[in-house]
Amino acid sequence: MKKDFFKKRRFFPFILVGAVLLLIDMITKFWVFHGLANMLYASPFYPYGGIGVFENVFGIDFCINRVTNQGGAWGIFGSYPIVLLIVRIAILVSVMIYALFINDMKTRQIPLLLVITGALGNILDRFIYGSVVDMFHFTLWGYSFPVFNIADTMIFFGVATLIIQSLFQKKKTKHVPRFSR
């Protein structure tokens, strides 16, 4: 079954979709990195040094800001960028091996593609910019949500879809014969 997936007709669309998503991610990061000043969290006023998209829509503010992140989600492990990069690459390679050689469920192909593309986008940032470039800044009813990017969004939706699929997946149970007395 895996050999069929690698045939040109079935594998090419996945490569094309992944390349387009990665290109969109990289273009937005390039634009933000070179077009906006790095955000200062000390700025208490909307749009916090960035470009305002909307303000106070049901208590939600949204703007585009440039934030560089040396760490992972919410800046964790920011003091260990090289170790984090190695872990990210190891996870990416592991997910790619699973997606290409182990996964046999068609419903997991798109979510895994999203995770792989998003992870690759953030890893490339580390090599290109020295850190991950984040841009989407939401303030939800006074709480400044962590700034994120398109790659983070792809990873989130890919992982969320995999979790939802696993919750609703029918479990294959082995028939265990009952012993009677």
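Just so it is clear, the model here is predicted, and its values are computed rather than measured.
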CD1 (I27) and CG (L23) are apart, to the nearest 0.5 Å, by 4.0 Å

Which atom pairs, one a donor and one an acceptor, fall under 3.5 Å between side chains of residues 115-130 and the rest of the protein, sequence neighbours left out?
from: T117; atom 1: OG1; to: L113; atom 2: O; distance (Å): 2.8
from: N122; atom 1: OD1; to: K29; atom 2: NZ; distance (Å): 3.1
from: N122; atom 1: OD1; to: N149; atom 2: ND2; distance (Å): 3.2
from: N122; atom 1: ND2; to: D152; atom 2: OD1; distance (Å): 2.8
from: D125; atom 1: OD2; to: K29; atom 2: NZ; distance (Å): 2.9
from: D125; atom 1: OD2; to: V133; atom 2: N; distance (Å): 3.1
from: R126; atom 1: NH1; to: G130; atom 2: O; distance (Å): 2.4
from: Y129; atom 1: OH; to: F30; atom 2: N; distance (Å): 3.4

Residues T107 and Q165: closest non-hydrogen pair is O-NE2, 2.7 Å

key: side-chain contact (heavy atoms from CB on, under 4.5 Å) assessment of I60 paired with W141   = CA-CA 6 Å; I60 300 171; W141 307 283; 3.9 Å; yes

| task | For side-chain contact (heavy atoms from CB on, under 4.5 Å), just list the numbers for Y143 and F145, CA-CA rounded to whole Å, side-chain angles, deciding distance to a tenth of an Å, and then say yes or no. | result | CA-CA 6 Å; Y143 170 72; F145 191 78; 3.9 Å; yes

Identify every side-chain donor-acceptor pair in residues 13-20 under 3.5 Å, counting partners at least two apart or on other chains, and give the distances.
none

*Verify the cluster assignment for V132 and I155: are they in a single hydrophobic cluster under the rule of side-chain heavy atoms below 4.5 Å apart?*
no

Notebook entry, point to check: Do D61 and F54 pass the side-chain contact (heavy atoms from CB on, under 4.5 Å) test, and can you show the C-alpha distance, the side-chain angles, and the key distance before you say yes or no?
Noted result: CA-CA 6 Å; D61 300 337; F54 59 81; 5.9 Å; no

side-chain contact (heavy atoms from CB on, under 4.5 Å) between M135 and V67, worked out:
CA-CA 6 Å; M135 70 219 39; V67 176; over 6 Å; no

Applying side chain to side chain contact (heavy atoms under 4.5 Å, CB included) to T68 and not counting sequence neighbours gives F33, N38, R66, S131

Review point. Within the side chain of W31, is there an N or O that forms a donor-acceptor pair under 3.5 Å with the backbone of L36?
Key: no

Sidechain-backbone polar pair: D25 side chain, A151 backbone, donor-acceptor under 3.5 Å
yes

Here the pair of heavy atoms bringing T161 nearest to P111 is CG2-CG, 3.5 Å

Fit a plane to each ring of F62 and F138, take the angle between them on a 0 to 90° scale, and name the class: parallel (under 30°), tilted (30 to 60°) or perpendicular (over 60°). parallel

Here the gap from D134 atom CG to N65 atom CG, rounded to the nearest 0.5 Å, amounts to 10.5 Å

Interatomic distance, CG@L85 vs CD@Q70, rounded to 0.5 Å, equals 10.5 Å

One should read off an interatomic distance between Q109 CD and D104 CG, to the nearest 0.5 angstrom, of 10.0 Å

Check for me, please, whether L112 and I150 land in the same ILVMFWY cluster - side-chain distances under 4.5 Å, paths through other members count. yes

One should read off an interatomic distance between M105 CE and S166 OG, to the nearest 0.5 angstrom, of 9.5 Å

The reported gap from CZ in F157 to CG in L162 (rounded to nearest 0.5 angstrom) is 13.5 Å

